[in-house]
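Notes follow the structure.
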Amino acid sequence: MRIAERDRRITILQAETAENDAGEQVAASWGEYAKPWASYEPVSDGERLRAAAVEQKTDARFQVIWSPRLATVNGEYRLRFDGADWRITGIKEIGFRERLEISAWRLGKQAV
């Protein structure tokens, strides 16, 4: 991946948990975990239709340079991009420790 392709700044968010009335740990807020440069690719309408057939929701893909810190990110994290929070639906490694592709769908403006 060329540097010019990573032209967007994203923020990876990690849940900060608190105990609810039932004694369960739930996400109370989201704190910044990492702030990498990424490329952004919206999912095409055709891909969106095919994904609906298997009940998978993906609005976009982000590619970042692999790092040990980012390699720990999973679906329990969120991503913030363009003023909105995104639910991470999948992560795959591209090459051997070269890049990570993060699939996500948009939740809305600053979701909780």
Q.
Under the criterion side chain to side chain contact (heavy atoms under 4.5 Å, CB included), I'd like the reasoning laid out for Val73 against Ile91: C-alpha separation, chi angles, the key distance, then a yes or no.
A. CA-CA 8 Å; Val73 172; Ile91 298 183; 3.5 Å; yes
Q: Answer yes or no: does atom CD of Glu32 have more than 12 heavy-atom neighbours from other residues, nucleotides or ligands under 6.0 Å?
A: yes
If you measure from [atom1] on [X] to [atom2] on [Y], what distance do you get to the nearest 0.5 Å?
X      : Y     : atom1 : atom2 : result
Ile88  : Glu76 : CD1   : CD    : 10.5 Å
Glu101 : Glu93 : CD    : CD    : 12.0 Å
Arg99  : Ser39 : CZ    : OG    : 8.5 Å
Trp86  : Leu79 : CH2   : CG    : 8.0 Å
Lys92  : Arg61 : NZ    : CZ    : 7.0 Å

Q.
With heavy-atom distances below 4.5 Å as the criterion, would you say the side chains of Ile12 and Pro36 are in contact?
A. yes
Q) Trp37 versus Ile10: any side-chain heavy-atom pair under 4.5 Å? A) no
Q | Arg9 side-chain N/O to Lys35 backbone N/O, donor-acceptor pair under 3.5 Å | A | yes
Q: May I ask you to decide if Gly75's main-chain N or O and Arg87's side chain share a donor-acceptor pair within less than 3.5 Å?
A: no
(Q) Once side-chain hydrogen bond (donor to acceptor under 3.5 Å, both in side chains) is applied, do any residues pair with Thr17, and if so which ones, sequence neighbours excluded? (A) Gln25
Residue pair [X] / [Y]: nearest heavy atoms and the distance that separates them:
X     : Y      : result
Leu70 : Val64  : CD1-CG2, 3.8 Å
Ala34 : Arg69  : CB-NE, 4.4 Å
Thr89 : Ala104 : OG1-N, 3.7 Å
Trp66 : Leu100 : CD1-CD2, 3.7 Å

Q. Is the closest basic N to carboxylate O distance between Asp85 and Arg80 below 4.0 Å?
A. yes
Q | Partner set under side-chain contact (heavy atoms from CB on, under 4.5 Å) for Asp21, not counting sequence neighbours | A | none
Q | Intermediate values then yes/no, side chain to side chain contact (heavy atoms under 4.5 Å, CB included), Arg78 and Thr11 | A | CA-CA 8 Å; Arg78 285 195 182 167; Thr11 304; over 6 Å; no
Q) Residues in ring pair (Phe, Tyr, Trp, His ring centres under 6.0 Å) with Phe81, at least two apart? A) Tyr40, Phe62
